[in-house]
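These notes are about the structure you will find just below.
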Amino acid sequence: MSMNRRDFTVGTLMGLAAMSGLTVAVRAEGDKTIAVLFDGLYSEFWVAGIKIIRADLEKRGFKIMEAISDKDDNKQFEQVKAAIAQKVEGIIIVQTDSNAVIPAIKAANAANVPMVHFNRPPAQSEAFSVAIQADNQKIARDAVLYSCEVAKASGKKHQAAILIGNLGDPNAIQRRDGFDEAVGQYKDVIDVVARIPTEWDADKAFAGLTNALQANPDISFLFTSSDFLIPQIQQALEAADKWAPIGDDKHVIFTGFDGFPAAYGLMKDKFMDACGVQNLFYETTLAIQAILDLKAGQKVEKLLLDPGFAITQANMEEKKGEMWGYVLWKEANPG
Amino acid sequence: MSEARPLLSVSGLAKSFFGVRVLHGVDFDVFPGEALGLVGENGSGKSTCVNIIGGVLKPDAGEMSLNGAPYHPLSPKGAASAGIAFIHQELNLFGNLSIEENLFIERLPKHRMLPLIDRRAVRARAVQLLREVELDLPPTTPVARLSQGERQLIEIAKAISMNAKVVIFDEPTTSLTRHEVDRLFTIIARLKARGIGMIYISHALDDVMAVCERITVLRDGAVLGGGPRDEFSLARIISLMVGRAIDTIYPERMVPPRADPVLRVEGLAQPGVAKDITFDIKEGEVVGLGGLMGSGRSELARMIFGLDAFSRGRIIVGDKVLANPTPREAIDAGMAFLTEDRRGEGLLMDFSIAENTILAALGRFARAAGMLEWRKVVTESKTMAGRVHLSTDRVVETRAKHLSGGNQQKIVIGKWLMRMPKLFILDEPTRGIDVGAKQEVYRIINALVEAGSAVLLISSEIEELMGLSDRILTIYRGELTGSFARAAFDREILMGAVTRPPRAEAG
Amino acid sequence: MVPDAGRQARRGGFAGRLVRSEYFVLLLCALYALAAYPFVPVLFSAEVAGNMIADMSPLLIVAVGQTFVLVIAGIDLSITAVIALSAVVGASIMTQAGGYLPGNGGVLPAILAMLGVGGAVGLLNGLSVTRLNMPPFLVTLATRMFFAGLAIWYTTFHTTSSSIADLPPLFTGLYDFVVLTLPIGESVLTLPLLPVLIAVIVVIGAHVTLSRTMLGRWIYAVGANRRTARVSGIPVESTIILAFTICGVCAALTGILMSSRLQTGSPILGENVLLDVIGAVVIGGTSLFGGKGKIVWTLSGVLFLVLLDTTLKLLGASLFLIFIIKGAVILAAATLDTLRNRIFVEH
Amino acid sequence: MSDNRLTLALLRLAPLLLFVVIVVAFGLLNERFLSFGNFRNIVIQAAPIAILAIGMTFVLLIAEIDLSVGAVMYVGASLVAIYLEPATGFGFTDPNLWWPLSLAVFVATGMIVGAVHGLVVTSLGIASFIATLASLFMLRGLAMFLSNTRTLQFSREIKDINRWEIFQIVPMADRAYGVPVAILILLIVFFSGWLVLRHTAFGRQIHAVGEDREAAKKAGLAVKGIVFACFVICGFCAGVGGFVAATQQGAVGPNFGLQVEFQVIAAAVLGGVSLFGGRGSVWGPVFGAILIRTTIAGLTFVNADPYIYPLVTAAIIFLAVAVDGLRTRMIERMSRRMIRPLEAG
């Protein structure tokens with residue numbers, strides 16, 4: 001108000017002149033850059049994943065443009081556009097929503113930038129990108145099946161609880177489906193009394209499980225859709241006086257998923273019966289190889305599957321070498 | 001009266017704001033057991049003086065002494081501990097706290113051992129103080145439940161409790177009922193008997209004459225005259241204040257009222273507020289509504305204008321019947337309402353004069369799709385500023401809050417004049433504004449009425465009612481107690497009508 | 001005692017006026033861009049400029065809506081829920097995978113329904129504030145929780161996935177049907193015109209409404225002093241309800257643009273924009289206490305925030321750094337605002 | 001008129017009635033809901049929010065707000081987990097020291113943040129909504145930087161606090177219940193808060209500042225000091241609440257404390273604390289927090305569809321706020337000044 005129109009015009013013109021003087025052609029980038037776009041680093045799985053990818057790419061001489069979208073698909077789309085504007089060689093992405101990422105893929109296709117989805121596949125579409133994914137449903141089913149057998153062998157009926165992940169995440173849904181598939185085969189032994197939504201939130205998981213244990217004090221079978229909830233589960237079970245190793249009367253048959261270092265620790269200490277393991281090392285290698293292949297013009301399948309495996313008390317010794325959590329656990333606990 | 005040493009002595013007080021001198025060497029003395037009346041128009045420097053004495057402002061030059069010792073307060077707190085109690089116009093009490101907590105809020109006595117309040121000590125002292133100001137209430141009563149007059153007594157009790165040597169009253173009677181004013185004066189007399197000195201600021205010159213032993217008149221930051229009350233008459237004070245003798249305070253109107261009623265109020269009633277109120281106002285007529293504070297006169301105005309609900313009765317403006325009016329309907333029917341709360345209900349203080357002036361008449365400036373014609377806004381606002389004699393014509397640049405009370409009131413009047421109201425309700429239009437501005441307000445009212453509008457005038461000043469009205473209605477406890485034609489105006493009869501319940505009706 | 005009009009201190013020449021003017025934040029934007037240029041030269045490329053304009057549009061529209069509510073001395077926290085709910089409701093109508101009116105024919109009803117959702121939530125907020133006498137902060141806090149939850153629940157009735165996809169091409173085309181492609185030197189400016197056009201229309205419409213119309217005066221008056229507004233015959237309740245409804249509709253419009261852009265109706269769409277929106281409006285200089293605010297200010301605030309976001313993105317700044325910088329910028333803007341008021345305008 | 005009084009009393013009691021209805025309804029659906037153990041559990045779960053809400057009450061009472069309390073929790077937790085861990089931290093060897101040190105770190109974090117808010121609000125004159133919104137961003141960023149967004153584990157000694165019980169006094173059928181640490185801390189905070197607000201000069205002055213800040217200034221109260229102190233107290237409570245939440249969860253992820261500020265404000269307001277200052281007690285926030293937790297626990301007991309949790313919680317908050325709004329309006333209407341005796345009939 002106190003500025004008159006002439007002042008404004010002068011100011012604007014000066015600003016515009018300065019801006020246009022600077023709008024020069026982009027300096028040709030000497031370095032090859034790969035964009036690594038995660039939706040968050042909410043658990044050790046993602047932290048370990050991005051570390052391994054980063055180290056591998058740097059070893060191969062790439063610069064990295066890293067960005068986290070904090071579960072915001074719109075922001076991630078903007079990040080993809082920025083990466084394209086910066087003329088990156090390729091994009092490794094972890095999206096939040098499998099549908100919402102499609103336009104980003106199309107944009108990458110249009111700019112001829114290869115795109116690889118790490119651990120989370122996009123929805124079906126005509127756009128082309130490569131997805132690395134663990135076979136969640138199968139891995140979850142196998143791990144839970146082992147635990148079901150344990151339950152059956154106990155000769156008792158069991159009340160079961162499942163901690164469900166974010167219902168917007170296909171991985172979470174597949175893991176739930178794997179669990180349902182397995183317990184469905186043991187209806188005579190296992191009765192699912194609590195389905196606890198966690199939205200991948202530790203606080204919600206903790207409160208939900210505590211309440212569930214209060215409502216159903218006889219719960220003796222538990223599946224978590226991710227190992228990152230282990231600390232909360234342990235707290236809740238301890239508070240309910242149900243944290244006991246295998247063999248103890250109070251033991252809750254416990255199945256994990258992901259293969260975290262903490263999960264290995266629990267397996268070793270006999271608090272966990274089985275755990276579905278994603279092969280993190282294999283998935284990162286697949287992702288980087290796929291980018292390089294695509295850049296080189298080779299044909300790559302749209303879905304590259306990490307078969308994963310279920311580690312159980314029975315096969316632990318022979319399989320633990322393939323478990324990423326064990327490798328990290330061993331680094332942290334040498335000797 | 002006595003030749004005692006002054007309690008508080010002020011000499012050569014000077015103060016400037018932004019290079020503008022507002023006080024040029026003011027001198028006066030306050031003697032123990034006496035009240036000094038400080039009078040002057042708005043902007044004459046009264047408030048600056050007492051703010052300096054109260055430690056709110058620091059003087060640029062000048063000396064003050066209290067009880068013979070130099071006195072230089074650094075803050076309101078410092079002034080308070082030196083023995084100066086300042087009772088502001090807007091009372092400094094907290095509605096959510098009890099009476100006793102309010103009395104001691106800044107120095108609640110602590111328990112001997114624990115860091116807690118010593119409730120027993122608080123209670124005992126509070127009871128004693130309430131007795132001194134003749135307030136018969138339990139000290140645990142929340143202040144929110146007290147009337148304005150009762151709250152003022154609490155402030156005085158607080159001053160007593162702090163062993164104040166000098167008590168400053170800033171417009172203490174504006175929101176009190178007559179009864180409460182009487183009680184206040186009794187207490188003031190008692191304070192005098194204790195040897196406490198007082199500075200009494202008021203526009204109500206009658207009150208000043210009644211209470212004060214000495215009077216000092218300020219104009220433009222300088223002392224125009226001062227001395228014992230006996231040396232002053234009302235006329236002299238006024239002429240000193242405005243710098244010229246005012247012969248006719250209330251200008252004559254040339255055009256008599258017409259026959260057609262503009263407003264008819266029929267059987268208006270609301271439990272606890274109003275009972276069966278019926279009257280009318282004719283074109284070109286000024287009807288005064290006389291009543292004590294709390295008699296229901298403002299409430300009646302608010303109900304007519306649709307601001308408060310009523311349970312029975314109806315209001316007819318021109319040919320429109322308003323059974324359950326909202327302010328918007330009232331305005332559409334041709335009413336305008338100047339509220340007694342200028343800052344809270346009359347103006348947008350942060351907004352410009354123009355933005356305030358057009359507020360009630362936006363439709364006039366709107367073209368298709370509600371677009372406003374700014375050029376028209378500015379020119380008409382300027383015209384209006386001229387019509388009400390505003391001190392500035394920078395209507396776009398000047399914000400309402402930067403103007404004096406009188407000029408602010410003129411903006412509110414200008415806002416309503418934009419609509420050329422058929423009926424203008426004025427609730428205390430001259431409260432808190434100086435004599436000069438009052439004159440202008442009277443002139444505007446007359447011009448409006450001569451053009452055919454009607455006015456319902458509410459005022460605490462009987463003189464003002466008598467000077468302006470064609471007819472005066474008196475109200476007592478929500479009931480009309482009388483209607484007096486101009487010829488029958490008599491101060492004493494009117495006073496009687498507003499202070500007495502209506503005679504029981506026959507039958 | 002306060003000196004009358006015209007006497008308020010007016011210090012400084014051109015610089016003083018600039019600092020006080022409403023273009024101050026725009027000036028800051030330009031200075032910031034110049035300072036950032038050496039570190040991110042790509043900032044001045046046509047691609048990035050195009051991206052920035054495209055990124056601004058959805059944020060700008062919802063921020064404009066928020067401005068209306070802030071000016072009437074309210075606040076609307078429910079905008080994120082409106083974005084999400086309108087996205088899934090619209091998608092559920094027109095999705096080709098089992099929508100109520102699948103295909104292009106469903107697009108118009110879907111868009112109307114989305115705007116309707118925004119309007120309805122806004123109306124509910126407004127009615128709660130006026131009729132039930134509830135503080136806006138708490139009303140919209142509750143409606144935000146409720147409708148965000150509802151959006152997720154609603155989605156489960158329409159898909160087994162986490163979001164509703166397969167939107168008809170007419171809808172997804174809204175975003176990139178008309179794309180301006182303009183080569184400038186070596187780089188190419190690509191700009192989706194429709195969303196930008198919608199944003200421009202909303203901004204101009206809002207600006208004209210606030211500054212030039214009767215409704216604008218009502219809104220400012222209600223925000224500055226409700227009682228004065230009421231006595232002056234302004235329909236206070238309707239004005240408040242209208243401001244909330246405008247805010248809801250703007251949020252829904254953002255929901256339309258975002259879901260068209262992502263070709264998906266996602267129930268967590270826009271979950272994180274709340275702080276950006278309020279931050280942008282406040283950086284622009286609009287007061288949280290009502291009566292003071294302008295669309296031009298909001299435009300500058302959004303521009304600043306997007307500029308900040310873009311540079312940090314291009315620099316590859318980590319999420320935590322972005323958080324810290326955004327917080328610092330909001331604080332700095334608020335400090336600057338109080339300081340310049342203190343130094344240049346008031347005393 | 002007596003009708004009015006009855007309505008008013010009902011509105012006043014509405015949140016309490018709501019609570020009773022919820023308890024009875026869930027109790028009918030699942031009688032285990034009414035068990036002692038469940039209520040004990042609900043109070044334990046409500047403790048962190050209740051503690052934070054008591055602190056929030058202090059700033060709400062002076063008509064300010066603090067949006068950063070959740071972020072304070074996260075920063076405190078990150079500092080504790082990183083610097084007090086036996087493996088990675090500064091290597092305090094005596095495990096008995098860990099919990100007092102952790103508590104001290106949490107509390108210090110909160111008080112420092114509160115002090116900064118107090119300074120920014122009092123000396124720069126920035127609205128607390130903006131100042132604390134900004135620090136919400138900055139503190140979450142700082143904590144993410146410290147933790148690298150990983151899940152942080154607390155040491156055994158800190159986790160175990162959750163199961164400590166003091167005074168084994170309530171013998172029940174299965175075992176002797178004592179007072180769990182979370183409830184004990186809540187009681188201490190609650191009682192101190194009550195004492196300060198109700199029975200100290202400072203507490204009464206807080207109410208005065210909240211009612212009318214200008215008048216408080218004129219009355220010679222140290223307004224800036226009081227505002228400052230309220231922010232520090234709020235920070236203190238955020239630290240204590242963070243500590244309790246951390247001991248309960250045993251480990252914290254990057255979502256720790258996320259949007260807790262909204263729950264905290266909701267709890268305070270459910271309990272009758274006004275956002276506009278001057279009105280509220282420490283009873284309110286505790287009641288509000290328990291009401292919210294009871295609802296959530298009840299939904300779990302009846303195995304409700306997980307998606308309707310937020311809907312029900314939001315509806316209850318909405319209802320409580322609406323009731324309060326109507327009550328305020330009724331009081332205003334009833335306090336319309338009476339100038340004549342009411343006619344009979």
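Below, chain A is the first sequence line, B the second, and so on; all start at residue 1.
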| said: Does atom NZ (B:Lys58) have a neighbourhood of more than 12 heavy atoms from anything else shown, all under 6.0 Å? | reply: yes
| field | Heavy-atom closest pair, residues B:Ile117 and D:Ala201 | value | CG1-N, 3.4 Å
| message | At a 4.5 Å cut-off on heavy atoms, which part of B:His111 comes close to chain D: side chain, backbone, both, or neither? | response | neither
| request: Looking only at non-hydrogen atoms, find the nearest pair between D:His207 and B:Asn96 and report the distance. | output: O-ND2, 3.1 Å
| query | Going from CG on D:Leu221 to NZ on B:Lys77, what distance comes out if it is rounded to the nearest 0.5 angstrom? | reply | 7.5 Å
| In terms of heavy-atom pairs under 4.5 Å, which option from B:Ser75, B:Gly95, B:Pro76, B:Ala80 contacts chain D the most? | B:Gly95
| query | Can you name the nearest heavy-atom pair linking B:Arg119 to D:Arg198, along with the distance? | reply | NH2-O, 2.7 Å
| task | Determine the option with the most heavy-atom pairs under 4.5 angstrom with chain D, choosing from B:Asp118, B:Leu114, B:Ile105. | result | B:Ile105
| task | Output the distance between atom CG (D:Asp212) and atom CG (B:Asn92), rounded to the nearest 0.5 Å. | result | 7.0 Å
| query | Tell me, side chain or backbone of B:Glu106 under 4.5 Å from chain D's heavy atoms, or both, or neither? | reply | both
| field | Which portion of D:Ala222 sits near chain B, non-hydrogen atoms under 4.5 angstrom | value | neither
| said: Please report the interatomic distance CZ(D:Arg204) to CD(B:Glu100), rounded to the nearest 0.5 Å. | reply: 9.5 Å
| said: Please check if the number of heavy atoms outside B:Arg145 that lie under 6.0 Å from its CZ is greater than 12. | reply: no
| task | Of all the heavy-atom pairs spanning D:Ala208 and B:Leu97, show the shortest one and how long it is. | result | CB-CD1, 3.9 Å
